[in-house]
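Notes follow once the structure below has been shown.
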Amino acid sequence: MKTAKARFRFKGGVHPAYHKELSCAAPVRDLPLPGLLAVSMSQHLGAPAKCLVKPGDRVERGMKIGEKNGFISCAVHSPAAGVVKSVETVPTATGAMAPAVFIETDPSAKGGVRLPRIDWRKASPADIVQRAEECGICGMGGAGFPTAVKISPPKGSKCDFLILNGAECEPYLTADHRLMLECPERVRVGAEILRRALGGPAVRIAVEENKPDAIAALEKAFAGIDGDVEITVLPCLYPQGSEKHQIRAVTGRIVPEGALPISTGCVVENVSTAAALADAVEAGEPLVSRITAVTGDGVSSPCNVRAPVGTRYSELCAFAGGETGKVAKVISGGPMMGFNVPNLDIPTTKTTSGLLFLTEASVFEYSSSPCIGCGRCMRACPMNLSPAEISRCVESGDIGGAEALWVMDCIECGSCSFSCPARRDITQHCRRAKASIRAARAIEAAKAKAAAKA
Ligand code: SF4
Ligand code: SF4
C-alpha cells in the first residue's frame with residue numbers, strides 16, 4: 001500500500017470557499033431516536049420501491065418495508081421498531097413527491113432483523129451482489145445508484161480500478177471526512193469486499209489534500225493490505241468528487257460521452273457506501289442510517305450526526321442547537337449541487353450527506369445581468385461545454401439548440417454559475433433543458449411502444 005499524489009487533472013473546475021472548519025472537527029454523535037420517522041420509498045436512483053406495509057402493521061428495525069421495483073431500484077428497510085401510522089406522499093429535497101411510510105417508533109424495542117453474517121473472504125461475487133441488493137445499499141455520495149447494479153459489470157467488461165471516492169469536494173460537507181477519520185477500518189473492509197466482488201482490480205482511495213488527518217487514519221487502516229492499493233491524494237478542486245472527473249484525475253482515463261465508467265475499466269464507490277456494504281456483509285445490517293453534516297452559520301452548533309433515514313430536517317436542526325439569527329436559505333446537500341428546501345418537514349434519505357443553514361451574511365443576493373461574453377463559464381466547465389450558449393438557447397426557448405450543444409452531458413456541477421460575473425443562472429438553465437429533453441424522450445418512447453403494440 002502506498003500514498004501518492006494524483007498524476008492527472010481534469011480541465012476546468014473552480015475553487016469555492018470550503019467552510020469545512022465549521023464541522024470537520026466535530027466527532028459523529030448519534031441522534032436520539034425520533035418519535036416519528038417518514039421513510040421514503042424513493043431514496044435511490046431509479047423506480048421507487050414497492051411499499052410492503054400498511055397502517056397498523058408492526059415493524060422491526062431492519063425489516064424490509066419496500067421491495068426493489070425494477071432493475072435500477074433499491075429495497076428499503078425500517079430504521080426502527082414501531083407501528084406504521086400511515087403511508088403518504090411526501091415532498092423530497094429535489095421538490096419531487098414520493099410515497100413514504102410514517103412509523104411511530106418504539107424506543108423500548110431491542111434488537112431487530114439482521115441477515116446472517118457472510119465470510120467475504122470465501123464469498124463469491126454473486127453472494128456479495130445479492131447481499132448489497134438485500135440490504136438496499138446505494139451510492140451515498142448523492143446519486144443513490146444501486147450498488148448491486150454497479151458491482152455487476154456487464155458481460156465482456158473488466159474492472160481494472162476500484163476507486164473509493166473520499167474527495168467530498170463540496171463546500172461545508174464533512175460526513176465522509178469524519179467517517180474516514182473515525183471508522184477507517186470499515187472503509188478498508190468495504191474496499192476488500194468490493195474488490196472481491198469486482199474480480200480483484202487495483203484499488204485507489206481518492207481523498208482531497210485538505211483532509212490530512214483522514215489520509216493518516218486510512219494509511220494506518222490499510223497498512224499491510226495485499227495487492228495494488230494506493231491512497232491517491234487529489235488537489236482541492238471542485239468537482240473533484242464527480243465520478244468522471246475522479247476517474248480522469250486518478251487513472252488518466254476518459255469516460256466517453258454517454259458511456260458508463262465501466263467502459264473505461266473503472267468502478268467508483270463512495271467511502272460511506274463501502275462502509276455500509278461492510279456492515280451489510282459482516283453484520284447483516286441493512287442501510288437504515290447515515291452520517292449527515294448539519295452545518296452553516298445558521299445553526300448554533302454545526303455537527304456531524306448519525307441519524308436513522310426518515311428523520312425530519314427539523315430534528316437535525318434542533319440537534320445542531322437550532323437556528324441562529326435569520327436563516328436565509330436551507331440547502332439539502334452541498335451549496336454547489338444541493339437543493340434549496342422550502343421547509344424542514346422533509347425527511348432524510350440514504351443520500352442526505354449534508355443540511356446547510358445559511359444566514360443572510362453567507363448568502364449573496366444578486367440579480368443577473370446580460371452575458372458579457374467573458375468566457376469564464378466555458379473555462380470553468382469540467383465537461384467542455386459552452387454554458388453561455390446553452391443558457392442563451394434555453395432563455396429563448398430553443399431546447400433543441402441546447403440539446404445540440406450537448407446539454408445532456410452537463411453534470412449540473414454549478415461551476416459555470418459560480419464563475420459568471422453576470423450572475424447568470426446557467427446551471428438552472430441546464431437543469432431545465434435536461435428536464436424538458438428527458439420528458440420529450442419519455443413521450444417519444446411511450447409513443448413508439450404503443451405503436452409497436454398496435
Ligand atoms: S454547464 Fe453543466 S457541467 Fe458545465 S459547468 Fe455548468 S453545470 Fe457544470
Ligand atoms: S461567464 Fe457569464 S458573462 Fe461570462 S460568458 Fe459565461 S454566461 Fe457570459
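Both ligands and their constituent atoms are indexed starting at 1 by order of listing. These numbers were taken from a predicted model, which means no experiment stands behind them.
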Atoms in ligand 2 flagged as close to Pro421, the criterion being non-hydrogen separation under 4.0 Å: 1 (S)

Determine, using heavy atoms of Gly12 and all atoms of ligand 1, whether some pair is separated by less than 4.0 Å. no

Considering heavy atoms of the protein only, find what lies nearest to atom 3 (S) of ligand 1 and give residue, atom and distance to 0.1 Å. Ile411 N, 3.5 Å

Using a 4.5 Å cut-off on heavy atoms from C-beta on, say whether the side chain of Pro261 contacts that of Lys244. no

Side chains of Ile231 and Met1, heavy atoms from C-beta outward: is any pair under 4.5 Å? yes

Does the residue Ala380 have a heavy-atom contact with ligand 1, meaning some pair of atoms that are separated by less than 4.0 Å? no

Got Pro382 and Ser242 here, is their nearest side-chain heavy-atom distance under 4.5 Å? no

Using side-chain heavy atoms (C-beta onward) and a distance below 4.5 Å, is Pro256 in contact with Thr264? yes

A quick test of your reading: do over 12 heavy atoms of other residues, nucleotides or ligands sit less than 6.0 Å from CE of Met408? yes

Evaluating non-hydrogen atoms only, which member of Gly414, Cys413, Cys430, Cys381 is closest to atom 4 (Fe) of ligand 1? Cys381

Please identify which atoms of ligand 1 are closer than 4.0 Å to at least one heavy atom of Met383. 3 (S)

Check Arg204, Glu269, Gln246 against Asn165 for a side-chain hydrogen bond (donor to acceptor under 3.5 Å, both in side chains) and give me the one that passes. Gln246

Under a 4.0 angstrom heavy-atom cut-off, which atoms of ligand 1 come close to Pro382? 5 (S)

Mind checking whether Val299 and Cys317 have side chains closer than 4.5 Å, heavy atoms only? yes

Nearest non-hydrogen protein atom to atom 2 (Fe) of ligand 1, with distance, is Cys410 SG, 2.4 Å

Give every protein N, O or S atom lying under 2.8 Å from atom 6 (Fe) of ligand 2, naming each by residue and atom. Cys377 SG

Is it true that Arg188 and Glu192 have a side-chain N and a carboxylate O under 4.0 angstrom from each other? yes

Which of the atoms of ligand 1 are close to Glu412, meaning less than 4.0 Å from one of its heavy atoms? 2 (Fe), 7 (S)

If you define the side chain from C-beta out and look only at heavy atoms, does anything of Pro146 sit under 4.5 Å from Cys74? yes

Per-pair distances, 0.1 Å, donor-acceptor, side chain in residues 332-345, under 3.5 Å, sequence neighbours excluded:
from   : atom 1 : to     : atom 2 : distance (Å)
Ser332 : OG     : Tyr313 : OH     : 2.9
Asn343 : OD1    : Asp345 : N      : 2.9

